[in-house]
Amino acid sequence: MSGRNPAPRRSYAGRSAEERRAERRDRLLAAGLELFGTRGYAATSIERLCATASVSTRNFYEEFSGREELLTTLHRGINERAAEAVSAAYAQAADAGFPARVEGAVRAFVTVTASDPRWARIAFVEVIGVSAGLERHRFRWRGQWEDAMLTMVREAAARGEAVDRDHRLTMIAVIGAVNNLVHHWSARDQNVPLDDITAELTHLIVAAVTNP
């Protein structure tokens with residue numbers, strides 16, 4: 001979201017007010033990623049965010065209504081990047097078999113969401129139970145992931161590669177398993193090769209939709 005108050009249009013040290021404001025916003029996002037992703041949302045105050053980002057409290061409220069909006073923005077950003085990566089990987093493997101298409105999509109998702117443990121913590125842990133509004137935001141994204149996976153499965157069923165039935169409950173279960181395994185790997189077990197995580201999740205998804 002854009003800031004709450006318009007920035008004055010003047011330059012300082014060769015940078016416009018808009019450029020300086022964008023830099024402050026980027027610093028706040030970086031501070032949110034670091035602090036929410038390591039200390040946790042509940043343990044991070046606005047004052048700590050501002051100190052880490054080297055901005056004033058007034059500058060913070062020009063960009064965000066509070067900590068929750070900053071967390072929501074970070075969560076939205078990681079999901080948007082993951083969705084773009086998954087879509088691109090799936091499209092690139094369009095002519096391959098179903099397991100190969102799933103493998104490409106899974107690898108893209110894991111790479112974006114879990115290669116940095118801070119992103120994984122924000123994506124899968126810190127957003128849970130914060131508020132009713134953030135829960136609605138989180139479930140909207142969960143619904144979008146369900147729809148995306150169902151589209152892939154329906155395409156596979158049309159090709160004769162998957163069982164033709166209603167897989168929505170299956171996808172809800174699969175998403176829970178994927179999220180938990182990705183978070184576990186990112187937070188605790190990165191000595192396990194990424195290829196192994198990708199292979200296990202691919203096997204899980206393919207088995208879930210190809211068995212009657």
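Throughout, numbering of the chain's residues begins at 1 and tracks the sequence.
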Between [X] and [Y], what is the shortest heavy-atom contact and its length?
X	Y	answer
Phe60	Cys50	CB-SG, 3.6 Å
Gly32	Leu70	CA-CD2, 4.1 Å
Ala85	Ala108	O-CB, 3.5 Å
Glu126	Ala42	OE1-N, 4.4 Å
Arg48	Ser45	N-OG, 3.0 Å
Gly37	Arg121	O-CD, 3.4 Å

- request: Walk me through it: do Glu80 and Trp141 pass the test side-chain contact (heavy atoms from CB on, under 4.5 Å)?
  value: CA-CA 9 Å; Glu80 287 174 348; Trp141 268 107; 3.7 Å; yes

For the atom pair [atom1] ([X]) and [atom2] ([Y]), what is the distance rounded to the nearest 0.5 Å?
X	Y	atom1	atom2	result
Thr113	Asn179	OG1	CG	8.0 Å
Arg24	Leu29	CZ	CG	13.0 Å
Ile175	Met149	CD1	CE	5.5 Å
Arg142	Asn79	CZ	CG	11.5 Å
Phe64	Thr73	CZ	OG1	5.0 Å
Thr38	Leu33	OG1	CG	8.5 Å

field: Hphob cluster co-occupancy, Val178 + Leu194, side-chain heavy atoms under 4.5 angstrom
entry: yes

message: Applying a strict under-4.5 Å side-chain criterion to I, L, V, M, F, W and Y, I'd like to know whether Leu134 and Phe139 cluster together.
response: no

- request: Could you please spell out the steps behind the side-chain contact (heavy atoms from CB on, under 4.5 Å) verdict for Phe36 and Leu49?
  value: CA-CA 9 Å; Phe36 295 159; Leu49 287 163; 4.0 Å; yes

field: Worked check of side-chain contact (heavy atoms from CB on, under 4.5 Å) between Phe98 and Arg159
entry: CA-CA 9 Å; Phe98 182 56; Arg159 294 186 183 189; over 6 Å; no

query: Just wondering, more than 12 heavy atoms not from Leu169 lying within 6.0 Å of its CG?
result: no

query: Any chance CD of Gln92 has more than 12 other-residue heavy atoms, nucleotides or ligands included, within less than 6.0 Å?
result: no

message: Show, in sequence, the C-alpha distance, side-chain angles and deciding distance for Arg168 and Asp147, and conclude whether the salt bridge (Lys or Arg N to Asp or Glu O under 4.0 Å) test is met.
response: CA-CA 8 Å; Arg168 183 166 292 276; Asp147 291 342; 3.1 Å; yes

Please list, one pair per line, the donor and acceptor atoms closer than 3.5 Å that link side chains of residues 200-212 to other protein atoms, with sequence neighbours excluded.
from, atom 1, to, atom 2, distance (Å)
Thr202, OG1, Thr198, O, 2.8
Thr210, OG1, Val206, O, 2.6
Asn211, ND2, Ala207, O, 3.0

message: Is the shortest side-chain heavy-atom distance between His75 and His137 below 4.5 Å?
response: yes

- prompt: Looking at side-chain heavy atoms only, is the closest gap between Arg154 and His167 below 4.5 Å?
  reply: no

- prompt: Is a donor on one side and an acceptor on the other found under 3.5 Å between the side chain of Glu135 and the backbone of Gly129?
  reply: yes

message: For the backbone of Thr44 and the side chain of Arg67, can you confirm whether one donor and one acceptor N or O come within less than 3.5 Å of each other?
response: yes

field: Chi angles and distances behind the salt bridge (Lys or Arg N to Asp or Glu O under 4.0 Å) call for Glu62, Arg25
entry: CA-CA 9 Å; Glu62 286 177 350; Arg25 183 179 178 85; over 6 Å; no

task: Could you walk me through whether Thr170 and Arg165 pass the side-chain contact (heavy atoms from CB on, under 4.5 Å) test, one step at a time?
output: CA-CA 10 Å; Thr170 304; Arg165 65 176 180 84; 3.3 Å; yes

field: ring pair (Phe, Tyr, Trp, His ring centres under 6.0 Å): pairs with one or both residues in residues 103-122, sequence neighbours excluded
entry: Phe109-Trp145

- request: Please check if any side-chain donor atom of Glu68 sits under 3.5 Å from a side-chain acceptor atom of Ser131, or the reverse.
  value: yes

